[in-house]
Amino acid sequence: MAKNIYIIFLFLVQIGFLRAQESKMVPVKEGSFVPLYGATSKNPVKVKSFFIDVYPVTNAEYLSFIKKNPSLSKSKIKGIFADESYLAYWKNDLDFGNVNPKSPVTNVSWYAAKKYCECQGKRLPTMDEWEYVAMADEKKTDARTKTEFNKYILSWYEKSKTYENSTGKTFKNYWGVYDMHGLVWEWTADFNSIFLSGESRKDKSEDKNLFCGGASVNATDLMDYAAFMRYAFRGSLKAQYSTRNLGFRCAGTMKL
């Protein structure tokens with residue numbers, strides 16, 4: 001009986017994996033890491049196994065989504081869900097203009113990105129999930145202490161208009177994921193939660209030290225400049241914001 005249950009268990013895992021592969025997702029094995037922010041102690045945060053998109057969502061993919069969900073087109077989306085910059089570079093509701101269809105869609109609000117993922121049967125990755133995948137280089141699950149890895153990330157911040165590049169042109173990391181660095185910033189499900197104070201974040205007050213030296217006091221690694229920039233950027237956003245260098249990818253919960 002136990003053997004039969006084990007075989008069924010393996011079968012379900014394989015089916016989940018194949019479905020993820022068909023939609024260009026890869027499995028990420030559970031593990032733990034110490035994030036730059038977000039924990040009151042320096043203890044590792046555990047990340048459960050999950051799936052994540054290999055690439056960010058492209059202009060072509062988002063156009064297909066808009067055709068099926070016209071209420072989220074640039075002329076029809078409600079102001080509470082997106083600011084005036086939403087899809088600003090698109091010519092109209094069904095034409096993203098003279099841009100690369102394989103480049104990541106940007107100028108998308110958190111609300112719209114969340115809805116896109118939900119319509120695919122997926123979700124936005126959590127911040128811990130995103131950082132867990134992003135800390136890997138080609139060979140190691142955690143390359144944050146490698147000087148060349150951090151130099152690569154920081155060099156991207158000095159380049160302009162990387163959002164015009166096609167997805168999949170950066171390196172393939174340990175998990176089989178591309179473009180975590182070097183293409184666009186990305187939304188996460190809880191993008192600004194670490195900068196809310198108070199028990200259970202009930203008071204909603206912002207961290208006043210976010211953009212000054214005092215913010216680094218609670219960081220786990222004062223030399224991780226790349227992570228400082230990511231967290232600061234996310235903390236400055238609101239859910240209806242959209243910018244030209246901000247895109248997203250989806251994730252999925254691994255159900256066994």
Side-chain angles (χ1 to χ4, degrees), residues 16-17 19-29 35 47-66 68-69 72 82 86-87 89 96 99-138 141 153 156 162-193 226-227 229-231 233-234 237 239 241-254:
F17 175 75
R19 288 178 177 174
Q21 287 292 87
E22 289 173 357
S23 56
K24 295 182 180 178
M25 301 187 87
V26 290
V28 178
K29 186 179 179 181
V47 177
K48 295 182 179 180
S49 299
F50 65 101
F51 291 108
I52 193 167
D53 284 355
V54 174
Y55 312 106
V57 177
T58 66
N59 285 298
E61 290 170 333
Y62 201 74
L63 176 58
S64 296
F65 166 71
I66 290 297
K68 298 176 182 178
N69 299 272
L72 294 177
Y86 178 72
L87 299 179
Y89 64 97
F96 47 71
V99 298
N100 184 354
K102 294 184 179 180
S103 64
V105 66
T106 60
N107 285 106
V108 175
S109 69
W110 179 86
Y111 290 113
K114 180 174 180 289
K115 184 65 175 179
Y116 176 96
C117 294
E118 289 174 350
C119 287
Q120 315 304 313
K122 306 178 186 180
R123 58 175 174 79
L124 284 171
T126 67
M127 185 149 43
D128 286 341
E129 289 172 341
W130 197 99
E131 291 289 338
Y132 181 67
V133 175
M135 70 185 188
D137 65 1
E138 294 96 332
T141 58
I153 298 173
W156 161 46
T162 55
Y163 50 76
E164 295 179 349
N165 299 335
S166 296
T167 59
K169 299 300 182 182
T170 63
F171 69 91
K172 179 182 180 180
N173 77 7
Y174 176 90
W175 302 109
V177 179
Y178 290 83
D179 307 322
M180 298 300 284
H181 309 287
L183 195 61
V184 290
W185 302 91
E186 295 184 14
W187 284 112
T188 59
D190 50 344
F191 63 93
N192 64 356
S193 60
M229 295 177 74
R230 289 197 299 276
Y231 281 96
F233 179 74
R234 288 174 183 151
L237 296 171
Y241 283 7
S242 57
T243 70
R244 190 64 177 95
N245 61 347
L246 177 59
F248 70 100
R249 76 179 72 214
C250 304
T253 302
M254 191 174 290

- Task: Quick one: do Tyr62 and Leu87 satisfy side-chain contact (heavy atoms from CB on, under 4.5 Å)? Show the steps, please.
- Result: CA-CA 10 Å; Tyr62 201 74; Leu87 299 179; 4.0 Å; yes
Give a yes or no on whether the backbone of [Y] and the side-chain of [X] come within a donor-acceptor separation of less than 3.5 Å.
X: Asn245; Y: Tyr163; answer: no
X: Asp53; Y: Cys250; answer: yes
X: Tyr86; Y: Leu72; answer: yes

- Go through the steps to decide whether Met127 and Phe191 satisfy the test side-chain contact (heavy atoms from CB on, under 4.5 Å), and finish with yes or no. CA-CA 6 Å; Met127 185 149 43; Phe191 63 93; 5.8 Å; no
- Query: Among Trp130, Phe248, Trp110, whose side chain to side chain contact (heavy atoms under 4.5 Å, CB included) with Thr188 holds?
  - Reply: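 Going through Trp130, Phe248, Trp110 one by one, the side chain to side chain contact (heavy atoms under 4.5 Å, CB included) with Thr188 is satisfied by Trp130 alone.
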- Query: Pick one: which of Tyr116, Tyr89, Phe65 meets side chain to side chain contact (heavy atoms under 4.5 Å, CB included) with Val105?
  - Reply: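 For Val105, the side chain to side chain contact (heavy atoms under 4.5 Å, CB included) test succeeds with only one of Tyr116, Tyr89, Phe65, which is Tyr89.
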Looking at every non-hydrogen atom in both residues, tell me the closest pair between [X] and [Y] and how far apart they are.
X: Thr106; Y: Arg244; answer: OG1-NH1, 2.6 Å
X: Ala113; Y: Trp187; answer: CB-CD1, 4.1 Å
X: Glu129; Y: Ala251; answer: OE1-CB, 4.4 Å
X: Val54; Y: Val26; answer: CG2-CG1, 3.6 Å
X: Leu237; Y: Tyr241; answer: CA-CD2, 3.8 Å
X: Pro56; Y: Leu183; answer: CG-CD2, 4.1 Å

- Message: Can you confirm whether Thr170 sits close enough to His181 that some side-chain heavy atom of one is under 4.5 Å from a side-chain heavy atom of the other?
- Response: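 The answer is no; the side chains never approach within 4.5 Å.
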- Item | Verdict with reasoning, Val28 to Val47, per side-chain contact (heavy atoms from CB on, under 4.5 Å) | CA-CA 9 Å; Val28 178; Val47 177; over 6 Å; no
- Run the salt bridge (Lys or Arg N to Asp or Glu O under 4.0 Å) check on Asp179 and Arg249 step by step: do they pass? CA-CA 10 Å; Asp179 307 322; Arg249 76 179 72 214; 5.2 Å; no
- Message: If I take atom CD from residue Gln120 and atom CD from residue Glu61, how far apart are they, to the nearest 0.5 angstrom?
- Response: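 Rounded to the nearest 0.5 Å, the CD-CD separation comes to 8.0 Å.
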